[in-house]
Number of protein chains: 2
Amino acid sequence: MENPVHPDSIIEALSIDCVIFGFKDGRLDILLVKHAEGISAGKWALPGGWITYGESVDDAAKRLLKSLTGISDIYLEQLKAFGDPNRFPLKRVVTVAYYALVNEESYSLIPGFTASDAQWFNVHEVPELIYDHNQILEFGYNHLKHKVRHEPIGFNLLPAKFTLLQLQELYEAILETRLDKSNFRRKLGKMKLLINCKEKQKDVSHRAAALFKFDKRIYVTLRRNGMVFEL
Amino acid sequence: MENPVHPDSIIEALSIDCVIFGFKDGRLDILLVKHAEGISAGKWALPGGWITYGESVDDAAKRLLKSLTGISDIYLEQLKAFGDPNRFPLKRVVTVAYYALVNEESYSLIPGFTASDAQWFNVHEVPELIYDHNQILEFGYNHLKHKVRHEPIGFNLLPAKFTLLQLQELYEAILETRLDKSNFRRKLGKMKLLINCKEKQKDVSHRAAALFKFDKRIYVTLRRNGMVFEL
DNA sequence: TAATATATGGTCATTCTGACTATAAGTAAA
DNA sequence: TTTACTTATAGTCAGAATGACCATATATTA
């Protein structure tokens, strides 16, 4: 009744790929790695790799993300399994895609041993990627657009303390639309999701804005019960 | 560069399981099959099986659902991959769960060759299932609850022509809540999703209600742009 | 001191919501 | 044939939310 294979050996038919979103200066970015070895060496791809027999699929996603980019302890959630029979050359591989939200400033990218480079790309200026990775990215972006309107997950893309304008620009970047500043604030206020840090922005050449953090308790409630972020 | 295995042989590490919801007489049901052979013979389970090298994961889900229950051409969408290393005995198997919405009356269940029985169970009276199938079911039910509030997918559970009360009872069953009849109608009316068939209900012992069908064009728009079904 | 950039708060007509009420149109029981 | 019962369908109304604005405050830089 025991697993006949070593827990460290990989499951040949299964891989992981991560769609990692970052946010900086009002732009929504996506993290890509350049393959250092294998059949797609030199090409850009979503960070990913193989699952072993000893770990859960979720754990594999965490491990791979960390080993390829140095990023850990972030919002990481399963997106979808991609299982077209011809999506991968050489053999049949189904990949389980994950998506993650990162505050870009908090992490310095450290390309791992199978990646020669790791870099942020504007989500609208992505190069051609290997296999079906462009499709996976597209799917992930659409998923994010939908999800951000019903759950307060966008905060994972911001630093711990942020201004209301930063938050608004984040939503504008994701949803590709312009929002009314005053109405946006009113809506956020009623949600009770934000806590005023009683601090001011620094080093800006205009009136400094108040800094906010978000209330994790309310966050849990809103995630459970859903919310409506029609802006 | 060719796949070294026969397209009909199965991918050992991957399976499919389907969470199939049905609706009848105001009750939300779930379809289960009783295994006829193998290590879990005699036990209830979600309908599922193995993926072959020659088919996509989506196609495998369709094939398995049809061969186990006789049901085809329905709303079937991927739910999530479940990948705990110990979820399946004997060997390491990751399963890709799908969920489907069916109008119960439109199909007669035909247990397939590896299932000795196929039967609808009230979603709140489900027996103990094999492996992690109770967890998968739970996940699927929560997913449905969320999704039904942002996309007009509930209609897949109803017959082609239905009354407004039937639609309301469907939402009440899924969301486990009571809704105000008058407000429900007003909201549906504004959505422009329903088309009056200009027909009346028959064989009821009270005033007959108008029958409606739903507008597939509006449906596509609402799925794309999202909607809010706060009732 | 003026120009300008952003912050922050407020107005107001319109629409939406939730809780109710009222009437209509059928069947079934008295 | 009248009455009871069931569901259908329409309407009311106060309060909340929305979208498009406007006004003022506070900071830096020319």
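Each chain gets a letter, A, B and so on, in the order its sequence line appears, and its residues count up from 1.
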Practice item. For Phe212(A), enumerate each residue passing the ring pair (Phe, Tyr, Trp, His ring centres under 6.0 Å) test, keeping only those at least two apart in sequence or located in another chain. Key: none
Practice item. May I have the distance from Met191(A) (atom CE) to dA17(D) (atom C1'), rounded to whole angstrom? Key: 12 Å
Point to revise | side chain to side chain donor-acceptor pair (under 3.5 Å) involving His146(B) - partner list, sequence neighbours excluded | key: none
Exercise for review: Using heavy atoms and a sub-4.0 Å distance, could you list which residues of residues 164-184 of chain B are near DNA chain D? By number, please.
Suggested key: Leu165(B), Lys181(B), Ser182(B)
Check your understanding: Ring centroid separation for Phe229(B) and His150(B), is it under 6.0 angstrom?
Key -> no
Check your understanding: Using the C1' atoms of five pairs at each end, what's the angle between the two axes of the helix from dT1(C)-dA30(D) to dA30(C)-dT1(D), to 10 degrees?
Key -> 10°
Check your understanding: For DNA chain D, whose closest nucleotide is more 5', that of Arg186(B) or that of Lys190(A)?
Key -> Arg186(B)
Review point. What is the distance from CG of Leu188(B) to C1' of dT17(C), rounded to the nearest Å?
Key: 15 Å
Check your understanding: For His206(B), what residues pass the ring pair (Phe, Tyr, Trp, His ring centres under 6.0 Å) criterion, not counting sequence neighbours?
Key -> none
Point to revise | Members of residues 198-207 of chain A that approach DNA chain C, where some heavy atom sits under 4.0 Å away | key: His206(A), Arg207(A)
Review point. How close or far is atom C1' of dA8(D) from atom CG of Leu211(B), stated in whole angstroms?
Key: 13 Å
Exercise for review: State which residues pass side chain to side chain donor-acceptor pair (under 3.5 Å) with Asn134(B); sequence neighbours excluded, sorted by chain then number.
Suggested key: none
Review point. By ring pair (Phe, Tyr, Trp, His ring centres under 6.0 Å), which residues pair with Trp44(B), not counting sequence neighbours?
Key: Phe121(B)
Review point. Of all residues at least two apart in sequence or in a different chain, which pass the ring pair (Phe, Tyr, Trp, His ring centres under 6.0 Å) check with Tyr141(A)?
Key: His124(A)
Exercise for review: Can you sort out the partners of Lys200(B) under side chain to side chain donor-acceptor pair (under 3.5 Å), two or more places apart, ordered by chain and number?
Suggested key: none
Practice item. Could you walk me through whether Glu176(A) and Lys145(A) pass the salt bridge (charged side-chain N to carboxylate O under 4.0 Å, His left out) test, one step at a time? Key: CA-CA 9 Å; Glu176(A) 294 180 288; Lys145(A) 279 188 194 175; 2.6 Å; yes
Practice item. Check side chain to side chain donor-acceptor pair (under 3.5 Å) between Glu138(A) and all other residues, then give those that pass, not counting sequence neighbours. Key: none
Practice item. Write down the distance between CZ (Arg185(B)) and P (dT17(C)), rounded to a whole number of angstrom. Key: 17 Å
Review point. Under the salt bridge (charged side-chain N to carboxylate O under 4.0 Å, His left out) rule, what pairs show up with a residue in residues 181-199 of chain B, not counting sequence neighbours?
Key: Lys161(B)-Glu199(B)
